[in-house]
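These values consider heavy atoms only, across backbone and side chains, with no hydrogens, waters or symmetry-generated copies.
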Protein chains: 2
Amino acid sequence: MSSTPPSDMKSSKFLHSFWQVNRSLMRYVHKTASENDLSIPQYSALMTIAPHKEMTQKELGEILQMPKSTLSQAIDGLVQADWLHRQPVQDNRREMQLMLTEKGAVLFKKVKLQKGSFHQTIDSAIDTLSEKQFEDLLSTLHHIAEFLENETIIKENSQND
Amino acid sequence: MSSTPPSDMKSSKFLHSFWQVNRSLMRYVHKTASENDLSIPQYSALMTIAPHKEMTQKELGEILQMPKSTLSQAIDGLVQADWLHRQPVQDNRREMQLMLTEKGAVLFKKVKLQKGSFHQTIDSAIDTLSEKQFEDLLSTLHHIAEFLENETIIKENSQND
DNA sequence: ATTGGATAGTTCATTTACGAACAGTCCTTG
DNA sequence: CAAGGACTGTTCGTAAATGAACTATCCAAT
């Protein structure tokens, strides 16, 4: 009894749970973002920049790992709406220095405290896990991520992202 | 020493790993799908129907949990391309009975064995986990999924999905 | 037998993120 | 110091998934 189940069975169970979590997360991000008139990339960008005082667009891209075009458009929208200040870096005019405007800083604080916001929700979800559960989850996810990144797909030094 | 880290720190670590896995998975699904001239919803539908001999569109929707419109369009494409046979259910003409055509069954087998396909890759990723790691991962994901589903978002008995 | 509501699926317009090509800046090397 | 190549970011056309409104069918209640 209790022989190891076939791996395609395990995979599909994993995928099912994984997509389910993903769907919920997406729903929440989308909700919180659109309540504040932001697209998802815009929301991600804003929340990532905020904890640092300033940041280049390049650094932001390395963290968020989204296509350059997507990021560029997101940033542009944020600048237009005056959440974000953007200016070429002093001694390398190719790069863009990004920092929140005062308005942007206010928005960030508001969102962070907003009842039922993405951040609040995900924080409380994580809080229901034991320390050990959390560590295990993180390390397993990390393990899978690494495995997948190293697999076949030739990271054809893509000009995007 | 070793006091519990603040939960928003933990959340962002979790999210980072989670999105990273998600990005990889998406890349693989997209690659495998488009190599076979399928959209992602089409790929998902095909792979879900295949193990059952037949299935109603409603049942499929309950499993995949994607918006009705997305599913409907995916199915329609599969029928057009003759991967899938579709006909109204005998004694409830609102529902649609779906089953693979012979051509579709061949495609399914081909994809399942395809070197570097999504299925192959995710299977081998899962195989690198110990039995315990896998069980823990699954149960934690499941736990988070349930938590998120039960949270605030009023599932305003959406007419979609 | 009729009507109102629920259920299953489709249509269509819109949004969104994306890839590919491009433009500007910087750095090396002859 | 000119030219080629690498790097950062932008523009633009396209494809994909979605929500809202709709059609068709079924069922329950009067």
Side-chain angles (χ1 to χ4, degrees), chain A residues 19 22-23 26-27 29-31 33-34 37-45 49 55-80 84-98 153 155-161, chain B residues 19 22-23 26-27 29-34 36-45 49 55-81 84 86-98 153 155-161:
Chain A
W19 295 137
N22 192 53
R23 269 194 305 277
M26 289 307 288
R27 259 205 292 271
V29 197
H30 186 271
K31 177 167 167 287
S34 66
D37 291 301
L38 300 168
S39 72
I40 292 177
Q42 283 174 354
Y43 176 80
S44 313
I49 297 172
M55 192 171 222
T56 65
Q57 188 162 330
K58 182 193 170 193
E59 290 163 346
L60 183 58
E62 283 163 357
I63 296 179
L64 293 179
Q65 296 200 179
M66 49 176 67
K68 288 159 55 146
S69 57
T70 305
L71 190 56
S72 175
Q73 303 214 107
I75 298 296
D76 200 59
L78 292 172
V79 172
Q80 304 265 341
L84 211 60
H85 182 65
R86 168 179 58 183
Q87 90 198 95
V89 169
Q90 285 293 339
D91 44 359
N92 184 353
R93 291 187 331 231
R94 284 172 300 184
E95 302 191 7
M96 286 296 183
Q97 192 68 247
L98 307 173
I153 285 186
K155 306 190 89 179
E156 51 239 353
N157 46 345
S158 155
Q159 62 161 315
N160 304 309
D161 95 2
Chain B
W19 295 138
N22 192 52
R23 269 193 306 277
M26 289 308 287
R27 258 205 292 272
V29 197
H30 185 270
K31 176 168 168 286
T32 302
S34 65
N36 296 283
D37 291 299
L38 299 169
S39 71
I40 292 176
Q42 283 172 354
Y43 176 80
S44 313
I49 297 171
M55 193 171 222
T56 65
Q57 189 162 329
K58 182 193 170 194
E59 290 164 344
L60 183 58
E62 284 162 358
I63 295 179
L64 294 180
Q65 297 201 172
M66 49 175 69
K68 288 160 53 149
S69 56
T70 305
L71 191 56
S72 176
Q73 302 214 108
I75 297 296
D76 200 58
L78 292 172
V79 171
Q80 305 265 340
L84 210 62
R86 167 178 60 182
Q87 89 200 96
V89 170
Q90 284 295 339
D91 45 359
N92 183 352
R93 288 182 334 220
R94 285 172 300 185
E95 300 192 6
M96 287 296 184
Q97 191 69 245
L98 308 173
I153 285 186
K155 306 190 87 176
E156 50 239 352
N157 47 346
S158 152
Q159 61 162 315
N160 305 310
D161 94 1

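- Atom CG in A:Asp91 sits roughly 14 Å away from atom C1' in D:dT8 (whole-Å rounding).
- Under the side chain to side chain contact (heavy atoms under 4.5 Å, CB included) criterion, B:Thr32 pairs with B:Asn36, B:Tyr43, B:Val111, B:Gln114, B:Ser117, B:Phe118, not counting sequence neighbours.
- Among residues two or more places apart in sequence or in another chain, the side chain to side chain contact (heavy atoms under 4.5 Å, CB included) test is passed with B:Ser69 by B:Pro67.
- Using a 4.0 Å cut-off, no side-chain N or O of A:Arg93 falls inside it from OP1 or OP2 of C:dG24.
- Here the P atom of nucleotide D:dA15 and the NE2 atom of B:His30 are 11 Å apart, to the nearest Å.
- Residues satisfying the side chain to side chain contact (heavy atoms under 4.5 Å, CB included) test with B:Glu59, not counting sequence neighbours, are B:Met55, B:Thr56.
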Practice prompt. For each nucleotide in nucleotides 3-12 of chain C, reading 5' to 3', give B when a protein heavy atom comes within less than 4.0 Å of its base, S when such contact involves only the sugar-phosphate, and - otherwise.
Written response: ---BBBBBBB
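- Across the protein-nucleic acid pair, B:Leu38 atom CG and D:dA16 atom C1' stand 14 Å apart, rounded to whole Å.
- Spacing between atom CD1 of B:Ile40 and atom C1' of D:dA17 amounts to 10 Å, rounded to whole angstrom units.
- Proximity of B:Leu78 to B:Leu38: side-chain heavy atoms (C-beta onward) are separated by under 4.5 Å at one or more points.
- Counting to the nearest Å, the P atom of C:dA17 and the OH atom of A:Tyr43 are 14 Å from each other.
- The 5' end of DNA chain C is approached more closely, in terms of each residue's nearest nucleotide, by A:Pro41 than by the other of A:Val89 and A:Pro41.
- One can place CD of A:Gln87 at 13 Å from P of D:dG9, the figure rounded to the nearest angstrom.
- A search for side chain to side chain contact (heavy atoms under 4.5 Å, CB included) contacts involving B:Arg86 returns B:Ile75, B:Asp76, B:Val79, B:Met96, B:Leu98, not counting sequence neighbours.
- For residues 63-73 of chain B, the set of pairs meeting the salt bridge (Lys or Arg N to Asp or Glu O under 4.0 Å) definition, not counting sequence neighbours, is empty.
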